[in-house]
Amino acid sequence: GSPQVYAVGKDGTDVRRITYMGHYNERASWSPEGDRIVYTSMDDGKMNIYTCALDGTDIIQLTSNAGNNEHPTWSPDGRRLYYTSALYVPRDTSVRIDRDMANHYQEVQYNLYYRDFDPARLTFGEEHLLRDLQAEDQSASLPRVSPDGKSLIYASGKFGCFHVWH
């Protein structure tokens with residue numbers, strides 16, 4: 001079947017499935033408080049970002065634009081979520097957008113974004129562009145926040161359809 005998100009104890013026991021919705025769930029990350037996860041989920045060929053409680057309930061969809069939204073990661077204080085997003089206009093509407101993106105991967109470029117998060121209300125603020133890498137003819141992936149929350153690292157390359165070949 002399609003990938004889903006699981007949690008497991010550090011000794012390999014107590015395996016729990018967390019996600020049940022979506023076609024393809026991956027790239028999960030714990031909130032700093034340990035009470036929520038954030039992950040990407042494919043729906044209609046597009047990757048969007050969701051967060052949920054550890055039992056899979058209380059699902060909140062964070063993104064829903066016309067491209068791929070991936071690589072979510074929390075700030076150390078849990079009040080900001082960073083991620084990448086590629087706004088892609090399909091070239092071939094006869095196939096799903098993920099197939100079209102793979103066929104035109106040289107045109108797919110991800111920018112860095114963030115949204116503030118209120119953990120008491122479980123609400124996200126507006127989307128903010130942190131780095132416009134498309135304007136530099138580059139693409140970002142895998143952002144990670146420093147332990148003190150003052151810096152962000154990420155990988156950057158010419159285009160951003162990051163294939164895993166097997």
Side-chain angles (χ1 to χ4, degrees), residues 1-10 14-90 95-102 105 108-134 139-145 149 152-155 160-164:
S2 61
Q4 297 294 329
V5 176
Y6 290 79
V8 62
K10 66 181 182 179
D14 190 28
V15 177
R16 294 168 286 134
R17 183 171 172 176
I18 297 174
T19 61
Y20 288 87
M21 61 158 270
H23 168 70
Y24 192 92
N25 298 310
E26 64 173 9
R27 297 189 176 120
S29 178
W30 294 97
S31 68
E33 295 294 321
D35 58 344
R36 299 190 69 77
I37 62 160
V38 64
Y39 60 97
T40 58
S41 180
M42 183 181 289
D43 186 31
D44 295 327
K46 298 182 292 187
M47 297 297 283
N48 277 301
I49 298 173
Y50 294 81
T51 182
C52 70
L54 297 184
D55 63 0
T57 63
D58 199 18
I59 298 168
I60 300 169
Q61 184 172 355
L62 179 64
T63 59
S64 60
N65 61 32
N68 270 3
N69 304 280
E70 302 187 63
H71 311 114
T73 188
W74 296 96
S75 63
D77 66 2
R79 295 191 167 275
R80 185 167 283 179
L81 189 71
Y82 296 92
Y83 56 96
T84 62
S85 182
L87 300 177
Y88 179 76
V89 177
V95 296
R96 274 188 1 194
I97 190 170
D98 59 326
R99 303 281 187 242
D100 187 57
M101 287 176 80
Y105 67 91
V108 180
Q109 294 177 316
Y110 287 80
N111 286 326
L112 285 171
Y113 290 88
Y114 73 88
R115 285 187 179 209
D116 291 326
F117 179 64
D118 182 343
R121 293 189 176 123
L122 298 179
T123 57
F124 284 93
E126 295 297 314
E127 180 175 81
H128 297 278
L129 177 64
L130 182 65
R131 289 287 324 271
D132 184 357
L133 280 98
Q134 289 174 328
S139 185
S141 69
L142 303 168
R144 296 295 179 257
V145 186
L152 187 75
I153 59 171
Y154 60 93
C161 199
F162 305 103
H163 297 286
V164 176

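Model, not experiment: these values are computed from the prediction.
Using a 4.5 Å heavy-atom cutoff, the side chains of V145 and P76 are in contact. The shortest side-chain heavy-atom distance between I18 and C52 falls under the 4.5 Å cut-off. Residues N25 and T40 fail the side-chain proximity criterion, which asks for heavy atoms closer than 4.5 Å. Counting heavy atoms from C-beta outward, S29 and W74 have side chains that approach closer than 4.5 Å. Side chains of L133 and Q109 form no contact here, defined as non-hydrogen atoms less than 4.5 Å apart.
Remark: side-chain polar atoms of S31 are not paired, donor with acceptor, to backbone N or O of I37 under 3.5 angstrom. Under the 3.5 Å distance criterion, the side-chain polar atoms of R36 are matched with a main-chain donor or acceptor of D58.
One finds the OH atom of Y50 at 7.5 Å from the OG1 atom of T63 (value rounded to the nearest 0.5 Å). The distance from atom CD1 of I60 to atom CG of L122, rounded to the nearest 0.5 Å, is 5.0 Å. M47 contributes atom CE, which lies 14.5 Å from atom OH of Y83 (distance to the nearest 0.5 angstrom). Here I49 contributes atom CD1 and R115 contributes atom CZ; the two are 9.0 Å apart, rounded to the nearest 0.5 Å. To the nearest 0.5 Å, atoms CG (L130) and CG (N111) are separated by 10.0 Å.
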Query raised in the report: What do the steps show when you test Y154 against R131 for side-chain contact (heavy atoms from CB on, under 4.5 Å), and what is the final call?
Result: CA-CA 11 Å; Y154 60 93; R131 289 287 324 271; 2.5 Å; yes
Report task. Kindly determine whether Y39 and S41 satisfy side-chain contact (heavy atoms from CB on, under 4.5 Å), including the steps that lead there. Result -> CA-CA 7 Å; Y39 60 97; S41 180; 4.0 Å; yes
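With sequence neighbours excluded, the residues that form a ring-ring contact (aromatic ring centres under 6.0 Å, His included) with F124 are F117. Checked against salt bridge (charged side-chain N to carboxylate O under 4.0 Å, His left out), D118 has the following partners two or more places apart in sequence or in another chain: R121. Looking at residues two or more places apart in sequence or on another chain, you find a side-chain hydrogen bond (donor to acceptor under 3.5 Å, both in side chains) between R80 and D116.
Donor-acceptor pairing under 3.5 Å is recorded for the side chains of N69 and S85.
The aromatic rings of Y114 and H128 lie parallel to each other, with less than 30° between the two planes, well short of the 60° mark.
Both tests pass for R17 against the ring of Y20: distance under 6.0 Å to the centre and angle within 45° of the axis.
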